[in-house]
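When a ligand or atom number is given, it counts from 1 through the structure's own listing order. All of these numbers come straight from a predicted model, not from anything done at the bench.
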Amino acid sequence: MKTRLLSPNEIDIAAGIIKNGGLVGIPTETVYGLGANGLNPMAVRSIFQAKGRPQDNPLILHIPDPSWLEIYCQDIPEEAWRLAKRFWPGPLTMILKCKRRTQSELEELKNGPVCSQTHLGPHIIPDVVTAGLDTVGMRCPAHSMCRAIIEAAGVPVAAPSGNTSGKPSPTTAQHMLDDMEGKIDAILDGGDCQVGVESTIVDLTCRPPRLLRPGGVPLEQLRDVLEEIELDPAVTRSLEEGERPRAPGMKYRHYAPKAPVTVVQGEPARSAQYILDHVTDSYWEGVICFNEFAHWFEDHPVECLGGSLDGFEHARRLFRALRAMDDSGVKHIWAQCPGTEGMGLAVVNRLSKAAGFHIVDA
Ligand code: TXA
Ligand code: MG
């Protein structure tokens, strides 16, 4: 299959492919997603194939408007509406209960044509989207082209990040093409992603609500809206044998470049000094650092995360930096690590996972 690179004025083509059961790379404000019609089980199955994604890792649905929640979800708590009002459209995903089909709907489907029977299941959303869970992740993205594609397709769009499973998420159309060329119908080039890390995921099916994945909406801002929010253990540490995270995807090695990563925590000047003291003079050791320290590592492949205090820039550049390290062919990566305030929580989470939680204190 030849993967077409679509330009921003080809929204209708992208939407048409989705309507017809194909796969399209879609730009979002967080990262590029691999989109398909979320109501078409065959199309959704092909997402898993293209990514090499484990079948037990559910997908999230992208909708153009909060009013769509009521079509696909039930028992929606009042907090969900408050969060939607404040953060949608934007980089927030909410886990909610799937809407169940009524008995008469099920009967009707059973007697209907074979094609509608393939949708047969207890929930309106096909089981292949949710990996058989009775909950679903719902997201209303802010990227204008993404919204236009979903609106033109007229269906909820199932879309994981557009990377090969386990790799850093793509933040440019080219990065997505690097992973998906020949495996999907098209990618719509909507420019560089402005947030750079994936959406924040909050589970609203439990009390208190629980942060499953830090992302584009900082925890501090969620706390403005929610009286209480719990952090899932998978956010800040690696899971122990037999421990199961609430977001199935959090158990997999992730965001990982080819070379092993050592994350160095601590105040920026100290972590930079630690790396300087430990990096060998080999050209095959790469460094990801804050701008202020880039000149310390001139003899090495270096990727900058932005100024040490600019959390939004760190998020925007992180995956690009990890991919650039891959391209340079380094055998080991050292990375300076920001604090956990604001966007830092998401950046530290992704870096820690890229490093398999190999973290040292400067
Ligand atoms: O920013 C984003 O969220 C991007 C863009 C494309 O929208 N999408 C994205 O999707 O990051 P993905 O599939 O790469 O990550 C979604 C995460 C996975 O870890 C998955 O396990 C979790 O959400 N998830 C999906 N449905 C869930 C559910 N019902 N309960 C708990 N976790 C769920
Ligand atoms: Mg992903």
For ligand 1, which part of Arg246 has a heavy atom less than 4.0 Å away: the side chain, the backbone, both, or neither?
-> backbone
Is ligand 1 under 4.0 Å from a heavy atom in the side chain of Ile60, in the backbone, in both, or in neither?
-> side chain
Is the backbone N or O of Glu70 less than 3.5 Å from a side-chain atom of Lys99, with the two atoms forming a donor-acceptor pair by type?
-> yes
Would a distance-only check, ignoring hydrogens and angles, find a side-chain to backbone donor-acceptor pair under 3.5 Å from Asp189 to Ser7?
-> no
Given the rule in the salt bridge (Lys or Arg N to Asp or Glu O under 4.0 Å) test, do Asp232 and Arg246 qualify, once you have shown the distances and angles that lead to the verdict?
-> CA-CA 8 Å; Asp232 198 74; Arg246 286 183 77 98; 5.2 Å; no
Given that the side chain starts at C-beta and the backbone is N, CA, C, O, which of these parts of Asp203 lies under 4.0 Å from ligand 1, counting heavy atoms, or is it both or neither?
-> neither
Minimum side-chain heavy-atom gap Pro257-Val261 below 4.5 Å | yes
Which of the listed options, Val31, Leu133, Asn57, Ile26, holds the heavy atom that is closest to atom 18 (C) of ligand 1?
-> Asn57
Report the member of Ile125, Asp232, Val195, Thr135 with the shortest heavy-atom distance to atom 29 (N) of ligand 1.
-> Thr135
Quick check: does Ser161 get an N/O under 3.5 Å from an N/O on ligand 1?
-> yes
Any N/O/S atom of Ser169 sitting less than 2.8 Å from the Mg ion (ligand 2), backbone or side chain?
-> no
Arg323 side chain vs Pro168 backbone, donor-acceptor pair below 3.5 Å | yes
So which bit of Thr30 gets within less than 4.0 Å of ligand 1, heavy atoms only: side chain, backbone, both or neither?
-> side chain
Under the 3.5 angstrom rule, does the side chain of His143 hit a backbone N or O of Met145 as a donor-acceptor pair?
-> yes
Tell me, please: is Pro248 in heavy-atom contact with ligand 1, that is, under 4.0 Å?
-> yes
Could you tell me whether the side chain of Tyr72 and the main chain of Val136 form a donor-acceptor pair under 3.5 Å?
-> no
Report the nearest protein non-hydrogen atom to atom 15 (O) of ligand 1: residue, atom name, distance rounded to 0.1 Å.
-> Arg213 NH1, 3.1 Å
Structural part of Arg53 in contact with ligand 1, heavy atom criterion under 4.0 angstrom = side chain
Nearest protein heavy-atom contact for atom 28 (C) of ligand 1: which residue, which atom, what distance?
-> Ile95 CD1, 3.6 Å
Are any of the N/O atoms in Tyr32 less than 3.5 Å from those in ligand 1?
-> no
Are any of the side-chain heavy atoms of Thr172 and Phe319 separated by less than 4.5 Å?
-> no
With a 4.0 Å cut-off, would you call Glu227 and Arg82 a salt bridge?
-> yes
Close approach, Thr130 and ligand 1, non-hydrogen under 4.0 angstrom | no
Consider every N or O of Glu198 and every N or O of ligand 1, then say whether any pair is closer than 3.5 Å.
-> no
How close does the nearest protein non-hydrogen atom get to atom 17 (C) of ligand 1, and which residue and atom is it?
-> Ile201 CD1, 3.5 Å
Does the distance from a Lys or Arg side-chain N to an Asp or Glu carboxylate O, for Glu29 and Arg139, drop under 4.0 Å?
-> yes
Please report which non-hydrogen protein atom sits nearest to atom 26 (N) of ligand 1, along with the residue it belongs to and the distance in Å to one decimal place.
-> Pro58 CG, 3.3 Å
Can you tell if the side chain of Arg350 reaches within under 4.5 Å of the side chain of Arg213, non-hydrogen atoms only?
-> yes
